[in-house]
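A quick write-up on the structure given underneath.
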2 protein chains.
Amino acid sequence: MTIATVARRARVSRQTVSNVLNAPHMVREETRERVREAITALGYRANQAARQMRTGRSRLIAVRIEPTRDGVNGSVLDRFLHGLTEAAEDSGYRVMLYTAADPGAEIDAYDSLLGAYDLDAFVLTGTDHGDARTAWLAERDVPFVTFGRPWDNPAETSSPHRAAVPAPHPWVDVDGADGVAQATRRLLDTGHRRIGFLGWPAGSAVGDDRRSGWFTTLRSAGLDPTGLDRAAPDGFTQGEAAARDLLAVAEPPTAIVCASDSLALGALQAVRAPGGWPIGTGGGPEVAITGFDDTPVAQAIGLTSVSQPLAPAAACCMDLLTDVLDGGRRGAADGRHRTDPSLDGGAVRTGGSPTGPGQVLLRPSLVVRQSG
Amino acid sequence: MTIATVARRARVSRQTVSNVLNAPHMVREETRERVREAITALGYRANQAARQMRTGRSRLIAVRIEPTRDGVNGSVLDRFLHGLTEAAEDSGYRVMLYTAADPGAEIDAYDSLLGAYDLDAFVLTGTDHGDARTAWLAERDVPFVTFGRPWDNPAETSSPHRAAVPAPHPWVDVDGADGVAQATRRLLDTGHRRIGFLGWPAGSAVGDDRRSGWFTTLRSAGLDPTGLDRAAPDGFTQGEAAARDLLAVAEPPTAIVCASDSLALGALQAVRAPGGWPIGTGGGPEVAITGFDDTPVAQAIGLTSVSQPLAPAAACCMDLLTDVLDGGRRGAADGRHRTDPSLDGGAVRTGGSPTGPGQVLLRPSLVVRQSG
DNA sequence: TTGTATGCGTTATCAA
DNA sequence: TTGATAACGCATACAA
């Protein structure tokens, strides 16, 4: 069944049917009704392939799914993906998946995807200093939004060689520093004075940001953070080792804020007294532990953790994208609604000129459980 | 750039270029080479939309992603999805996502997806008794494979009204009964004699299957399972309550096999002595607990659990699909390889006529940790 | 406001 | 073995 079938049944030309679908206001009310009836009676739906060939747009957005990897933190991007799929459907888009082992491979994937599918946009996750992906896409005028800020590369900006000012692009992010600050502040409020931090090695944008939340909070409380932080690659075992090291100092911290639930899990193991699990039971030396990401593991074992508003973040990404793709028109063609980012995530639109791309910084929330 | 660009450069007709791409054997070696050179020199890639319009095939497969839902078990389908995306790419396909709140909504989604995108196939997960989705798809000759067996509905098959024999379709599944049996057998070997089972309420195909693995293993060991099992909806709290109930009997079990990691987590909580976590520390009454799915939570807290070979299962699904879609030809058009299901999952091809659709039952493995 | 003609890039049919 | 032509379903420019 094609647009011609509908046209015959409604006794109009194909063009009129097309107009009813794409520019309803150009068709007389009566005719429009007749065509609409024919459409529903026939159960007609426009063929995307044909439409795409004509318009060059596919109503498809691509997002990367990480290679199979087990682990505590893997669920974060998955949850974002769930939210994104739902948000996309609400806006009349579909999500296509691709994999890539590293940023270079990801750019290859863009190339191959774009060559074949006329994708409307990409959603990028996990941005870092001087992200090559955004540069590649921007250069080719491919619409995209990043879940993660465009972290400026300090090395590059200090270089006189080139200004290296990346063109601004729409992004959504969660304020990690604020999340860690919330956790730290709460520990201060609970009476803790020696609060340690267990994070990732310096150099990762997200990791450094989270660490800064702890650092500045202690400083503004008049406390000295010196010597109270340790760094380790993300992971249970690594976290345990680093936490042991941190607890071995002369005056060990009474609480440890961690950059991830994995590290926090390791830290819990480290503070665990022989013969007992310390959470809320008073069975060992009470060291409060907080994690980051509020993964299922944290929920399961009662770990206090910073929760990212992933579904709202995904919805924001789609909103930003539809702003670009549908030229600022509110809502999709078939009248679905837009989510208001300011509603559920404590969203803050920041910076940029009013006509520039949207930038949304979401505030995470602290989920308090038994571990601290 | 189109096929015409390539044709001009190679000094052939468009059709010859098309033949080089789709039926290389029909083109003389010399010409083929010339065309191939032009293709690489130009970096030409076929436009999927145009190809799709002509052939009616999109090289797109659809799979459902569940609505955002936090929880221990959520990761299972996510991990399958990761594997499927990778396997699809290896076969020259892409994965498109959709959501649906229930089977009815899922069928609506099929309808809308099919109307718009000419999808090549669907991958269904979480089959249950008398699955309406498979019937709907089969009726319309839409290719699909299920991750999960086509459980026969006992109520329906006993009805004289209709034979209700579903047309056989390709499927891949993991032998849950065998996984639970492995766990149970290991506990028997370790000396346990009173082994309880904590599962889901009777009626769910997967749940009943897992329970049967425990039941038959105890029976064939000459033990009486009576009174040693409890049922609860999946969840931490529910598992804890049911486990307490199970441990309150006169002669309580010394080990509990659980149908999921969520339930197992609850059970761990139930057997936890006040003041200590019992895993491997001898701090309380030692009751061995095993879970199912080997989720990140299990890995994190040292829970023995049955691990499903999800990546191999996903690869099998794609193999079965390419068998149908590419008409049994080995490998995709561009010469990627097929994974051999018999390699990494302990695959067993079962039943069915040799010419019938493929059916693959994978064997899970037991990951032994401190909890039992 | 409605209808006609044309082209998007590809593959299938058929003739050379 | 290769090439010319038509057709897939839709949207756009333009004519009516």
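Throughout, a chain's letter reflects where its sequence line sits, starting with A, and its residues are numbered from 1. Keep in mind that this is a model prediction, so the values were computed, not measured.
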Does this structure show an ion pair linking Arg79(B) with Asp78(A), if we count only N-O contacts that are shorter than 4.0 Å?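 The answer is no: the pair does not qualify as a salt bridge.
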Produce the list of close N/O pairs, under 3.5 Å, pairing protein atoms with atoms of nucleotides 6-8 of chain D; give distances to one decimal.
unit_1	atom_1	unit_2	atom_2	d
dA7(D)	N3	Arg54(B)	NE	3.4

For [N], does OP1 or OP2 lie under 4.0 Å from any side-chain N or O of [X]?
{"X": "Thr16(A)", "N": "dG3(C)", "answer": "yes"}
{"X": "Ser18(B)", "N": "dT11(C)", "answer": "yes"}
{"X": "Asn22(A)", "N": "dA11(D)", "answer": "yes"}
{"X": "Tyr117(A)", "N": "dG9(C)", "answer": "no"}

Passing option when Gln359(B) is tested against Pro168(B), Pro150(B), Pro170(B) for side chain to side chain contact (heavy atoms under 4.5 Å, CB included):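 Of Pro168(B), Pro150(B), Pro170(B), side chain to side chain contact (heavy atoms under 4.5 Å, CB included) with Gln359(B) is met by Pro168(B) alone.
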What is the bend of the helix from dT1(C)-dA16(D) to dA16(C)-dT1(D) when you compare the axis at one end with the axis at the other, using five pairs each and rounding to 10°?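 Here the helix ends are tilted 40° relative to one another.
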So Ala46(B), base contact, sugar-phosphate only, or nothing? Heavy-atom distance under 4.0 Å.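 The residue Ala46(B) makes sugar-phosphate contact but no base contact.
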Relative to the ring of Trp136(A), is the ring of Tyr110(A) parallel (under 30°), tilted (30 to 60°) or perpendicular (over 60°)?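 Ring orientation of Tyr110(A) relative to Trp136(A): tilted.
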A side-chain contact here means heavy atoms from C-beta on lying under 4.5 Å apart; do Arg64(A) and Glu66(A) qualify?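 In contact.
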Are Arg36(A) and Val20(A) close enough that some pair of their side-chain heavy atoms sits under 4.5 Å apart?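 Yes; the side chains approach each other to less than 4.5 Å.
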Heavy-atom contacts under 4.0 Å between residues 28-37 of chain B and DNA chain D, which residues?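 Those residues whose heavy atoms fall under 4.0 Å from DNA chain D, taken from residues 28-37 of chain B in numerical order, are Arg28(B), Thr31(B).
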Between the side chains of Thr146(B) and His169(B), does any donor sit under 3.5 Å from an acceptor?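 Yes - a donor-acceptor pair under 3.5 Å links their side chains.
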